[in-house]
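Let me begin by presenting the structure, written as structure tokens, before commenting on it.
Hydrogens, waters and symmetry mates are skipped; everything else that's a heavy atom, side chains included, is used. Chain identifiers are assigned alphabetically (A, B, ...) following the order of the sequence lines, protein sequences preceding nucleic acid strands; residue numbering begins at 1 within each chain.
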Protein chains: 2
Amino acid sequence: MDKAEMAPIVIGKLMNIGGMLQKRANLMLAPFQLNQQQYSILFSIYQEDRVQQKNVINKLMLEKAHVSKVVKKLHSMDLIDIELSEQDKRSSWLMITDKGKKLVHKVRGVSADWNKQWTGELDMNQMNQLLESLTMIQNVFKEKALH
Amino acid sequence: MDKAEMAPIVIGKLMNIGGMLQKRANLMLAPFQLNQQQYSILFSIYQEDRVQQKNVINKLMLEKAHVSKVVKKLHSMDLIDIELSEQDKRSSWLMITDKGKKLVHKVRGVSADWNKQWTGELDMNQMNQLLESLTMIQNVFKEKALH
DNA sequence: CTTATTATGTTTCCATGGAAACTAAATGAC
DNA sequence: GTCATTTAGTTTCCATGGAAACATAATAAG
């Protein structure tokens with residue numbers, strides 16, 4: 001089998017696995033009233049002191065319309081604070097709240113085992129290989145950005 | 001970095017890449033009035049002489065409600081034929097039409113290059129490794145089936 | 001044979017997220 | 001400084017797909 005034959009199979013599997021994982025992640029996160037995308041946005045805010053929506057959009061490569069709505073939801077759940085930016089009046093700073101931090105910690109507790117189960121059969125060498133390959137594919141996306 | 005640390009990163013990347021690919025695939029398929037999931041259902045019908053919805057559901061691990069709706073759409077677009085099953089009156093046989101076949105061939109033409117571009121940086125060895133790892137992960141899903 | 005359970009699909013309801021049009025502010029061209 | 005363009009975010013509209021309840025047929029248990 002050459003690359004041209006393998007590519008569609010690999011791409012197909014990536015789409016399939018991505019969808020499955022997201023669905024399962026949504027189930028795992030349901031008790032927290034969040035889905036996977038919403039949590040990933042919360043988490044990316046958690047990782048920084050303060051961020052603007054555009055940072056989140058660029059980092060996670062999501063639609064700005066979508067991020068706008070999720071930010072509103074996270075704020076209404078008191079998981080993040082929103083502070084108007086002085087430098088740029090179109091924009092605001094997003095910061096995680098204590099409640100948000102607690103939620104992230106809880107989810108981390110739950111997801112540790114959850115994450116491991118999907119990679120259970122892979123050995124250390126395969127994991128490293130996989131990580132490297134996925135990173136390369138992600139970089140192709142960044143090169144061929146849509147926006 | 002040990003496995004426990006890598007797992008969430010790998011899983012995160014898989015979800016991210018899956019979403020991106022699906023979005024791009026939807027763009028590529030838009031001229032055919034189909035999205036990626038709909039096409040994958042059409043393609044799985046194309047691959048067999050005749051199938052029942054349950055076959056598609058099991059193979060692609062999709063929701064039966066969803067497949068039901070897509071089958072209706074594909075039929076309304078004259079891409080598939082539906083023939084009542086004699087053996088099981090709850091069920092029908094799905095078969096690709098000539099129009100459906102033509103569409104699949106057209107999409108194959110378009111998607112050959114499309115598929116390759118995402119794996120462009122990977123060499124043959126990496127592709128094989130990746131395929132193997134993805135297959136292992138898919139098998140974990142089959143073990144831990146939801147239904 | 002009758003009743004309970006399981007299997008196949010469908011319908012309904014609803015949250016999600018993508019696309020496009022929009023507002024308003026910031027930046028660039030001249 | 002003024003006008004055009006770009007950037008940040010919002011709103012609106014709509015297709016998608018997941019969950020649950022449902023209808024109907026097939027199968028199993030007694």
Short N/O separations, protein against nucleotides 9-12 of chain C, under 3.5 angstrom:
from   : atom 1 : to    : atom 2 : distance (Å)
C:dG9  : OP1    : B:Q53 : N      : 3.4
C:dG9  : OP1    : B:S91 : OG     : 2.2
C:dG9  : OP2    : B:K54 : N      : 2.7
C:dG9  : N7     : B:K64 : NZ     : 3.3
C:dG9  : O6     : B:K64 : NZ     : 2.6
C:dT10 : OP2    : B:Q53 : OE1    : 3.4
C:dT10 : OP2    : B:Q53 : NE2    : 2.8
C:dT10 : OP2    : B:S68 : OG     : 2.6
C:dT10 : O5'    : B:S68 : OG     : 3.4
C:dT11 : OP2    : B:K72 : NZ     : 2.2
C:dT12 : O4     : B:K69 : NZ     : 3.4

Test side chain to side chain donor-acceptor pair (under 3.5 Å) applied to B:Q87 - qualifying residues, sequence neighbours left out = B:S85
How close or far is atom P of D:dT16 from atom CD1 of B:I41, stated in whole angstroms?
-> 11 Å
Salt bridge (Lys or Arg N to Asp or Glu O under 4.0 Å) filter on B:D88, not counting sequence neighbours, yields B:R90
Most 5' of A:Q33 and A:Q87 on DNA chain C, judged by nearest nucleotide | A:Q33
Is the shortest heavy-atom distance from the side chain of A:M6 to the side chain of B:T119 under 4.5 Å?
-> no
Using whole Å, report how far CG of A:L94 lies from P of D:dA8.
-> 13 Å
Nucleotide C:dA20, atom P - distance to CD of A:E63 in whole Å | 10 Å
Side chain to side chain donor-acceptor pair (under 3.5 Å) contacts touching residues 47-57 of chain B (sequence neighbours left out) | B:Q47-B:K59, B:Q52-B:S91
Interatomic distance, A:D88 CG vs D:dT6 C1' [rounded to whole Å] = 12 Å
Is A:Q37 near enough to C:dT16 that one of its side-chain N or O atoms lies under 4.0 angstrom from OP1 or OP2?
-> no
With sequence neighbours left out, the residues meeting ring pair (Phe, Tyr, Trp, His ring centres under 6.0 Å) with B:W118 are A:F141, B:W114
Taking five pairs at each terminus, the helix from C:dC1-D:dG30 to C:dC30-D:dG1 shows an axis bend, to 10°, of 30°
How close or far is atom P of D:dA15 from atom CE of B:M77, stated in whole angstroms?
-> 14 Å
Could you give the CD-to-C1' distance, from A:Q22 to C:dA15, as a whole number of Å?
-> 14 Å
Just wondering, are more than 12 heavy atoms of other shown residues or ligands nearer than 6.0 Å to CD in A:E5?
-> yes
Residues at least two apart in sequence or cross-chain that pass side-chain contact (heavy atoms from CB on, under 4.5 Å) with B:D123, listed by chain then number, are B:N125, B:Q126
By ring pair (Phe, Tyr, Trp, His ring centres under 6.0 Å) - contacts of A:Y46 (at least two apart) = A:F43, A:H105
Within less than 4.0 Å of OP1 or OP2 of D:dG18, is there a side-chain N or O belonging to A:N26?
-> no
Can you pull the side chain to side chain donor-acceptor pair (under 3.5 Å) pairs that have at least one residue in residues 68-77 of chain A, sequence neighbours excluded?
-> A:Q38-A:K73
Rounded to whole Å, the CG-P distance (B:L21 to C:dG18) equals 14 Å
Rounded to whole Å, the CD-P distance (A:Q36 to D:dG18) equals 14 Å
